Amino acid sequence: IPDVLVIGEILVELSSTEPLDAGTALTLNFSGDALNSAAAAAAAGAHTALLARVPDDELGDRLLDRVVALGIDTSQVLRVAGQHGLYLQHADPSGAREFTYVRRGSAGSGLGPGDVPLDLVAKVGAVLASGIACAISPLSAKAVRVAASTSRCFVYDPNWRPRLVSAAGAGDHLRALAQYTRLVTPGWPHEAQLVTDATDSVAACAAIRGLGVDAVALTRGADGVLLDDGGRIVEVPVIPAPVVVDQTGAGDSFAGTVTARLALGDALEEAVRLGVAAASLSVSGLGGTGHVATLEETRAHAANGTA
Ligand code: KDG
C-alpha cells in the first residue's frame, strides 16, 4: 500500500526562457503539478503512486519512463486512447514566465470517479490533489472529491491558474473539499482570498479553517509559511535558494514533501519545515522536475536554514 497517492494530469512540458516564436528552441520534458509533487513526495521518502490517465502511445511510454525514473509507483496509472495534455513554459513579452496550455479534451482530463480505487484510497497514508485537477474538467473534479471523502488524510493545494479556471470556480472547488481536508496550502494573498475577504494572513487562516479544513499552511513567498493547525499558529521562515534557475514547481515540491512527511508520521510543523527546504532547492533546475532534492539534501538544507 503506498504512503501517498497523488491525483492529477501528467503533462508534456516544452520549455524555453524566450518568448514563443517560429524557431524558438524548446526543451521536452514531462511535468504537471501532479508529477512535480509526486516526485517530491517520493524523494522525501514516501512510497508514492500517481492516479492519472495517460495516452496509450509512444510519447506516453516515454512519459512513464520518466515517472518511473523519478521513483514513482505507476500501478494506478491508466493507459487510454486520446491526446496528451501539453503546456509550453516560456517568457511573455515583458520577460516574465508564462504558461500556455494545449490540454482541453486531453486524455488526462477524462479521469473520473469510476477510476478512483476506493479500497486503496481508504488505506493510503495520504492523498494529495490540487485545484488544477479540479479545473481541467468537472469529471476530474468529481474524482478528486470522491478520493478526498474516502481518504484518511487529504491534502489540497489550490494551485489557482486563471488561464484554467475563474476565481469564483477555484473558490468553489476549495469550499467543496474543505470538510474532507486535513491540510490546505494556499498562496497568500491570491489563493487564500478565493474564499475569504480577510486582509490579514492570520485572520485568513482562521476563515479557511472555518470552512472545515483542519490546518492551513499559507505560503507567503519571502515572508515564509504561516501554519495554522487547529488554531495553533507557527511561522516557518523561508530558506534562501542556493541557485535560482526557474520557480516552476516550487509550490508542488512544498505540497508533495509536506504530504509525504505527514503520511510517514512527522508532526505537521516538521513536515512544513522540510517542505520549505525542498521547495527552496527545487528552483535550481529548469521545468517542474528540473531538480528534485533527496531527503538527505532537504534535511541538510532545513538544518542550515535554522542554524
Ligand atoms: O506548478 C507548476 C505547474 O503549474 C506546471 O508544472 C504546469 O501543471 C501545470 C499546470 O497545469 O499549470
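Both ligands and their constituent atoms are indexed starting at 1 by order of listing. Quick caveat: nothing in here was measured; it's all calculated off a predicted structure. Index from 1, following the sequence.
- Atoms of ligand 1 found under 4.0 Å from any heavy atom of F99 (numbered from 1 in listed order, with element): 4 (O), 12 (O).
- Residue-to-ligand polar distances place R103 within reach of ligand 1: an N/O pair is separated by less than 3.5 Å.
- Both V184 and I7 belong to a common hydrophobic cluster when Ile, Leu, Val, Met, Phe, Trp and Tyr are linked at side-chain heavy-atom distances under 4.5 angstrom.
- Every atom of ligand 1 is numbered from 1 in the order shown, and the set under 4.0 Å from a heavy atom of Y87 is 5 (C), 6 (O), 7 (C).
- The closest protein non-hydrogen atom to atom 8 (O) of ligand 1 is D33 N, 2.7 Å.
- Contact check for R66 versus R62: no side-chain heavy atoms found under the 4.5 Å cut-off.
- In this structure, S31 has a heavy atom closer than 4.0 Å to ligand 1.
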Determine whether K142 and D115 satisfy the following criterion, salt bridge (charged side-chain N to carboxylate O under 4.0 Å, His left out), listing intermediate values before the conclusion. CA-CA 11 Å; K142 259 190 214 150; D115 294 330; over 6 Å; no
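- The N/O atoms of N159, backbone and side chain alike, include none that comes under 3.5 Å of an N/O atom in ligand 1.
- Ranking protein heavy atoms by distance to atom 10 (C) of ligand 1, first place goes to Y101 OH, 3.3 Å.
- Look at G32 and you'll find a heavy atom under 4.0 Å from some atom of ligand 1.
- Closest to atom 2 (C) of ligand 1, if we only count protein heavy atoms, is D252 OD2, 3.2 Å.
- Partner of R97 under the side-chain hydrogen bond (donor to acceptor under 3.5 Å, both in side chains) criterion, chosen from T248, T17, D92: T248.
- One finds no salt bridge joining D229 and R209 here, because no Lys/Arg side-chain nitrogen approaches an Asp/Glu carboxylate oxygen to under 4.0 Å.
- Side-chain contact check for V12 versus F30: some heavy-atom pair is nearer than 4.5 Å.
- Contact atoms of ligand 1 toward L11: 8 (O), 9 (C), 11 (O) (distance under 4.0 Å to a heavy atom of the residue).
- The atoms of ligand 1 that sit less than 4.0 Å from any heavy atom of N36 are 2 (C), 6 (O).
- Under the 4.5 Å side-chain heavy-atom criterion for Ile, Leu, Val, Met, Phe, Trp and Tyr, F254 and V155 are members of the same hydrophobic cluster.
- Across all their heavy atoms, L5 and L50 have their closest contact at CD1-C, 4.3 Å.
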